[in-house]
Amino acid sequence: MTTTMATSSPVLRTAYQKSVAAYWNAEKAPVNLLLGDVDGLYHHHYGIGDYDPSVLKGSADARDDQVIKEMHRMETAQADFLLNHLGNIHANDRLLDAGSGRGGTSLMAHHRFGCPIDGVSISESQVEFATTQAERHGVADDVRFHFLNMLDTGFPASSYRGIWTDESTMYVDLFELFAEFSRLLMHGGRYVCITGCSNDVTGGRSKAVSRIDEHYTCNIHPRSEYFNAMAANGLVPINVVDLTAQTIPYWELRAKSAVATGIEESFLTAYKEGSFHYLLIAADRI
Ligand code: GPP
Ligand code: MG
């Protein structure tokens, strides 16, 4: 496969997709770059687990540095948790990172499984950044990033043992997305998703969820939509993990950090009032 695989339609199909690409092409937030600088794994997802309260002690400089390292550790723990749910992956399997950002999770997956990975993103800057990281890590032959739309990759049918999305599904229609994943996965292949989703039980979109949508130019889906769209596309859930309680400490630490972006209180409100969940869903392609 090459980075310029021809597809029948342009990568950016709509004005909305162009605006999302523009956001990520311009994005250089310290909360992502300084954390990635810790060890060269650049993430675009949030963290899980408890934080060590001692990171908040010491001089202001020491504290900033310790908090950044701790948040990065929690984000890496989230990616590890996701990869734990892909099942048995062998070195001759192929994995797809759909919405691959700056590529941190793809590098972790290759390190863990030794198999080829394709990452796709509609941000050309992210593809370039992630490709440079793969070169720096000495794995550019096996971990490839492509400027492609995950709704229409053009990759061959039944070619992937596993696909994951780590906080990228809020940018797309889930029925279209899972139709493409269903096409790409081999029979028995596994899809793993970590996402924020709104709570059908509390009703329509809360103010806090609307603020998150506005902040990232995304459209957070209700929880039910994930299961409806999976069922419609031959994806059968095997594991559902509510990570909400496990991500709250990350947001509490982030709110106290020097790299807070202003969206922290909306996440804390949404999670604590129950209008929003942080979920992992793993599903098999039948
Ligand atoms: C993570 O990216 C956020 C998203 C991809 C969009 C929204 C996700 C939800 C779960 C609602 P990031 O690491 O670039 O965000 P930030 O810059 O805030 O750390
Ligand atoms: Mg981030």
Side-chain angles (χ1 to χ4, degrees), residues 16-17 19-38 41-48 67-79 81-82 97-105 119-123 125-126 129-130 150 164-172 174 177 192-199 205-223 225-226 241-244 246-248 250-271 275-281:
Y16 172 68
Q17 289 173 1
S19 75
V20 172
Y23 173 99
W24 292 107
N25 282 336
E27 190 276 331
K28 288 192 170 68
V31 74
N32 298 317
L33 292 175
L34 293 182
L35 270 65
D37 288 345
V38 170
L41 294 173
Y42 292 84
H43 298 310
H44 283 285
H45 57 253
Y46 311 124
I48 56 169
V67 168
I68 281 171
K69 287 196 175 107
E70 186 66 350
M71 286 169 58
H72 182 62
R73 184 190 63 73
M74 296 165 88
E75 291 185 4
T76 296
Q78 190 263 35
F81 189 78
L82 185 157
D97 180 353
S100 46
R102 286 188 167 96
T105 308
V120 297
S121 168
I122 60 168
S123 159
S125 308
Q126 285 189 333
F129 189 103
M150 62 184 176
W164 74 84
T165 52
D166 200 349
E167 301 180 13
S168 54
T169 48
M170 56 290 296
Y171 290 100
V172 294
L174 295 182
L177 181 70
V192 181
C193 167
I194 292 186
T195 191
C197 56
S198 60
N199 185 1
R205 188 169 304 223
S206 67
K207 254 197 168 25
V209 168
S210 299
R211 280 193 209 104
I212 298 168
D213 273 347
E214 167 62 24
H215 183 86
Y216 293 102
T217 324
C218 66
N219 297 295
I220 290 165
H221 303 292
R223 174 163 36 123
E225 197 146 321
Y226 282 88
V241 186
D242 182 0
L243 293 168
T244 308
Q246 291 187 58
T247 195
I248 287 175
Y250 168 86
W251 287 102
E252 285 175 336
L253 181 61
R254 182 165 154 156
K256 297 190 221 299
S257 77
V259 291
T261 60
I263 199 61
E264 290 73 18
E265 289 310 321
S266 299
F267 275 89
L268 286 166
T269 301
Y271 286 139
S275 65
F276 189 52
H277 320 286
Y278 198 47
L279 274 201
L280 175 141
I281 309 167

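Each ligand, and each atom within it, is numbered from 1 in the order the structure gives. The shown structure was predicted, so the numbers you read here are calculated from the model rather than taken from an experiment.
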Visitor: Which residue owns the protein heavy atom closest to atom 19 (O) of ligand 1, what's the atom, and how far is it?
Guide: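 Minimum-distance protein heavy atom for atom 19 (O) of ligand 1 reads Arg254 NH1, 2.9 Å.
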Visitor: Out of Met170, Glu167, His45, which one pairs with Thr195 under the side-chain contact (heavy atoms from CB on, under 4.5 Å) rule?
Guide: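 When Met170, Glu167, His45 are each tested with Thr195, the side-chain contact (heavy atoms from CB on, under 4.5 Å) holds only for Met170.
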Visitor: Tally every protein N/O/S atom whose distance to the Mg ion (ligand 2) is less than 2.8 Å; waters are neither shown nor counted.
Guide: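 Protein heteroatoms (N, O, S) closer than 2.8 Å to the Mg ion (ligand 2) number 1.
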Visitor: Can you check whether Cys197 reaches His221 side chain to side chain, under 4.5 Å on heavy atoms?
Guide: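 The answer is no, as the side chains (C-beta and beyond) never meet within the 4.5 Å cut-off.
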Visitor: As a check for students: among Tyr46, Phe267, Tyr42, identify the option with a heavy atom nearest to atom 8 (C) of ligand 1.
Guide: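 Nearest heavy atom to atom 8 (C) of ligand 1 lies in Tyr46.
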Visitor: Measure across Ile263 and Arg254 and return the closest heavy-atom pair with its distance rounded to 0.1 Å.
Guide: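 Smallest interatomic distance, heavy atoms only, reads CG2-NH2, 4.0 Å.
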Visitor: Relative to the ring of Tyr171, is the ring of Trp24 parallel (under 30°), tilted (30 to 60°) or perpendicular (over 60°)?
Guide: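 Geometry flag for Tyr171 against Trp24: perpendicular rings.
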Visitor: Tyr271: which residues meet the side chain to side chain donor-acceptor pair (under 3.5 Å) condition with it, sequence neighbours left out?
Guide: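 None.
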Visitor: Between Asn25 and Ser123, do the side chains contain a donor N or O and an acceptor N or O under 3.5 Å apart?
Guide: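 Yes, a side-chain donor-acceptor pair sits under 3.5 Å.
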Visitor: State, with a plain yes or no, whether a side-chain heavy atom of Phe267 is found less than 4.5 Å away from one of Thr247.
Guide: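 SC-SC contact between Phe267 and Thr247 ruled out.
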Visitor: How far is atom 12 (P) of ligand 1 from the closest protein heavy atom, and which atom is that?
Guide: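 Of every protein heavy atom, His44 ND1, 3.5 Å lies nearest to atom 12 (P) of ligand 1.
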Visitor: Do Ser206 side-chain atoms and Val209 backbone N/O form a donor-acceptor pair below 3.5 Å?
Guide: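 Pair found, side chain donor or acceptor close to backbone of Val209.
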Visitor: Is any side-chain N of the basic residue among Glu70 and Arg73 closer than 4.0 Å to the acidic one's carboxylate O?
Guide: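 Looking at Arg73 together with Glu70, the answer is yes, because their closest N to O distance falls below 4.0 Å.
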Visitor: Parallel, tilted or perpendicular: which one describes the rings of His43 and His72, with boundaries at 30° and 60°?
Guide: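 Ring orientation of His43 relative to His72: parallel.
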Visitor: So, do Tyr42 and Leu35 sit near enough that their side-chain heavy atoms are less than 4.5 Å apart?
Guide: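 Side chain of Tyr42 against side chain of Leu35, heavy atoms only: no contact under 4.5 Å found.
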Visitor: Carefully, step by step, assess Gln78 and Asp166 under the rule side chain to side chain contact (heavy atoms under 4.5 Å, CB included).
Guide: CA-CA 9 Å; Gln78 190 263 35; Asp166 200 349; 2.8 Å; yes
Visitor: Please write down residue, atom name and distance for the protein heavy atom closest to atom 6 (C) of ligand 1.
Guide: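 The protein heavy atom lying closest is Tyr171 OH, 3.6 Å.
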Visitor: Looking at ligand 1, does Glu264 have a heavy atom less than 4.0 Å from it?
Guide: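 The answer is no: ligand 1 sits nowhere under 4.0 Å from a heavy atom of Glu264.
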Visitor: Heavy-atom distance under 4.5 Å between the side chains of Val259 and Met71, does that happen here?
Guide: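 Side chain of Val259 against side chain of Met71, heavy atoms only: contact under 4.5 Å found.
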Visitor: In the protein, what heavy atom is nearest to atom 9 (C) of ligand 1, and what distance, to one decimal place, separates them?
Guide: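 Minimum-distance protein heavy atom for atom 9 (C) of ligand 1 reads Met170 CE, 3.5 Å.
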Visitor: If the contact criterion is a heavy-atom separation under 4.0 Å, does Ile263 count as touching ligand 1?
Guide: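 Per 4.0 Å heavy-atom rule, Ile263 does not contact ligand 1.
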Visitor: For atom 17 (O) of ligand 1, find the nearest protein heavy atom and state the residue, atom name and distance (0.1 Å precision).
Guide: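 Checking every protein heavy atom, the shortest distance to atom 17 (O) of ligand 1 gives Asn32 ND2, 2.8 Å.
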Visitor: Which residue and atom name correspond to the protein heavy atom nearest atom 5 (C) of ligand 1, and how close is it?
Guide: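 Of the protein heavy atoms, Glu167 O, 3.0 Å lies nearest.
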Visitor: Return yes or no for this condition: an N or O of His215 is under 3.5 Å from an N or O of ligand 1.
Guide: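 No - when backbone and side-chain N and O of His215 are compared with those of ligand 1, no distance drops under 3.5 Å.
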Visitor: Run the numbers for me: atoms of ligand 1, each under 4.0 Å from some heavy atom of Val31, listed by number.
Guide: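 That gives atoms 16 (P), 17 (O), 19 (O) of ligand 1.
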Visitor: Name the option, out of Trp24, Tyr216, Tyr23, that contains the heavy atom nearest to atom 15 (O) of ligand 1.
Guide: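 Among Trp24, Tyr216, Tyr23, the closest heavy atom to atom 15 (O) of ligand 1 comes from Tyr216.
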Visitor: Under 3.5 Å between any N/O of Thr195 and any N/O of ligand 1: does that happen in this structure?
Guide: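 N/O-N/O distance below 3.5 Å does not exist for this pair.
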Visitor: Non-hydrogen atoms of Tyr278 versus ligand 1: any pair closer than 4.0 Å?
Guide: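 Contact check Tyr278 vs ligand 1: negative.
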Visitor: Which of the atoms of ligand 1 are close to His45, meaning less than 4.0 Å from one of its heavy atoms?
Guide: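 That gives atoms 13 (O) of ligand 1.
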